[in-house]
Visitor: 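Before I ask anything, here is the structure I am working with.
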Amino acid sequence: MATSLSTHGVANYTRRNIADFLRSRTPTQVNMVIAGCDRETGPAVYFLDYLGCLNKQNYAVQGYASNFLGGLLHQHHTPDLSREDARVLLMQCMKELKTRFVIAQPYFIYRFIDTSGITEPEIVQVE
């Protein structure tokens, strides 16, 4: 039997499982970004760390990229960001990674997710 959960519900269910496993004989260490777009509440992004700490965010960066991109996103993100402005910000992030990251990616693949659904993947080569 299938149950439909909101993004908030999925994030809290996952947080509870991480917290339970942390206190078991088989602890799991994982950091994750949980994102979704519900019809009633709109888009939501959550960051869940390995200790089961769940935080709702406006944006999320994980791994080594967070060392380079956190400040850039903090400076340029606004709640009313248009899709074109988001694409420009995404390109700035990709250029920053290409400049600073040890392993230079030849190209990036991204999708937009909103209330209309998920767009087809777009491949971008950063110059």
Visitor: If I take atom OG1 from residue T7 and atom CD1 from residue I34, how far apart are they, to the nearest 0.5 angstrom?
Guide: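 Spacing of OG1 (T7) from CD1 (I34) equals 9.5 Å.
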Visitor: Answer whether the closest heavy-atom distance between the side chains of L90 and M94 falls below 4.5 Å.
Guide: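 Yes, at least one pair of side-chain atoms sits under 4.5 Å.
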Visitor: Answer yes or no: is there a side-chain heavy-atom contact under 4.5 Å between T26 and F21?
Guide: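 Yes, close enough: below the 4.5 Å cut-off.
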Visitor: Out of curiosity, does V33 fall in the hydrophobic cluster containing L72 (side-chain heavy atoms, cut-off under 4.5 Å, transitive links)?
Guide: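 No, it is not one cluster - the side chains of L72 and V33 are not joined through contacts under 4.5 Å.
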Visitor: Between T99 and K95, is there a donor-acceptor pair closer than 3.5 Å when you use the side chain of the first and the backbone of the second?
Guide: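 Yes; judged by distance alone, with no hydrogens or angles, the pair exists.
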Visitor: Can you tell me how far apart CD (Q92) and CG (L69) are? Round to the nearest 0.5 Å.
Guide: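 Q92 CD to L69 CG: 10.5 Å, rounded to 0.5 Å.
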Visitor: Under a 4.5 Å cut-off applied to non-hydrogen side-chain atoms, are V45 and F47 in contact?
Guide: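 Sidechains of F47 and V45: no contact.
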Visitor: I need the F108 CZ to K98 NZ distance, nearest 0.5 Å.
Guide: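 Taking CZ in F108 and NZ in K98, the distance rounds to 8.0 Å.
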Visitor: Does atom NE2 of H74 have more than 12 heavy-atom neighbours from other groups under 6.0 Å away?
Guide: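 It does not: H74 NE2 has 12 such atoms or fewer within range.
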Visitor: Starting at CG of D20, measure out to CZ of R15 and round the result to the nearest 0.5 Å.
Guide: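 So the CG of D20 and the CZ of R15 are separated by 8.0 Å.
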Visitor: What's the shortest heavy-atom distance between Y110 and R87, and which atoms?
Guide: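 Scanning both residues completely, I find the closest heavy atoms to be OH-NE, 3.0 Å.
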Visitor: Would you find more than 12 non-hydrogen atoms of other residues, nucleotides or ligands less than 6.0 Å from R83 atom CZ?
Guide: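 Enclosed.
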Visitor: What residues, two or more places apart in sequence or in another chain, satisfy side chain to side chain contact (heavy atoms under 4.5 Å, CB included) together with R111?
Guide: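 R111 satisfies side chain to side chain contact (heavy atoms under 4.5 Å, CB included) with I118, T119, P121 only.
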Visitor: Are T14 and V10 close enough that some pair of their side-chain heavy atoms sits under 4.5 Å apart?
Guide: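 A side-chain contact exists here, since the closest heavy-atom pair is under 4.5 Å.
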Visitor: Look at the rings of Y46 and H8 and say which category their plane angle falls in: under 30° parallel, 30 to 60° tilted, over 60° perpendicular.
Guide: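 The arrangement is tilted - the two ring planes meet at 30° to 60°.
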Visitor: Does one hydrophobic cluster hold both L54 and L22, with members joined at side-chain heavy-atom distances below 4.5 Å?
Guide: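 They do not share one cluster, since no chain of ILVMFWY contacts under 4.5 Å joins L54 to L22.
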Visitor: Any side-chain heavy atom of V88 sitting closer than 4.5 Å to one from M91?
Guide: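 They are not in side-chain contact.
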Visitor: Counting neighbours of OH on Y13 that are heavy atoms of other residues, nucleotides or ligands and sit closer than 6.0 Å, is the number greater than 12?
Guide: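 12 or below, so no.
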Visitor: Tell me whether E96 contacts the main-chain N or O of F68 through its side chain, where contact means a donor paired with an acceptor under 3.5 Å.
Guide: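 Side chain of E96 to backbone of F68, a donor-acceptor pair under 3.5 Å: no, none is there.
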Visitor: Decide whether V61 and Y64 are clustered together by the hydrophobic rule: side chain heavy atoms of Ile, Leu, Val, Met, Phe, Trp, Tyr closer than 4.5 Å, transitively.
Guide: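 Cluster IDs for V61 and Y64 match.
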Visitor: OH of Y59 to CG of L81: how many Å apart, nearest 0.5 Å?
Guide: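 Those atoms lie 12.0 Å apart.
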Visitor: Write down the atom of A44, the atom of K56, and the distance for their closest heavy-atom approach.
Guide: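 Result for this residue pair: CB-CE, 4.0 Å.
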Visitor: Quick one: does L97's side chain get under 4.5 Å of Q105's, heavy atoms only?
Guide: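 A side-chain contact is absent here, since even the closest heavy-atom pair is not under 4.5 Å.
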Visitor: Would a single hydrophobic cluster contain both V124 and L89, if residues Ile, Leu, Val, Met, Phe, Trp and Tyr are joined by side-chain heavy-atom contacts under 4.5 Å?
Guide: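 Same hydrophobic cluster.
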Visitor: Can you tell me if Y50 has over 12 outside heavy atoms packed within less than 6.0 Å of its OH?
Guide: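 No, because the 6.0 Å sphere around OH of Y50 holds 12 heavy atoms or fewer from other groups.
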Visitor: So how far is it from D49 CG to N55 CG, rounded to the nearest 0.5 Å?
Guide: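 Atom-to-atom, D49:CG and N55:CG are 7.5 Å apart.
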Visitor: For C37 and P43, work out which heavy atoms get closest and say how close.
Guide: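 So the two residues come closest at SG-N, 3.8 Å.
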Visitor: Taking all non-hydrogen atoms of both residues into account, name the closest pair between H77 and P79 and its distance.
Guide: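 Here H77 and P79 meet closest at CE1-N, 4.0 Å.
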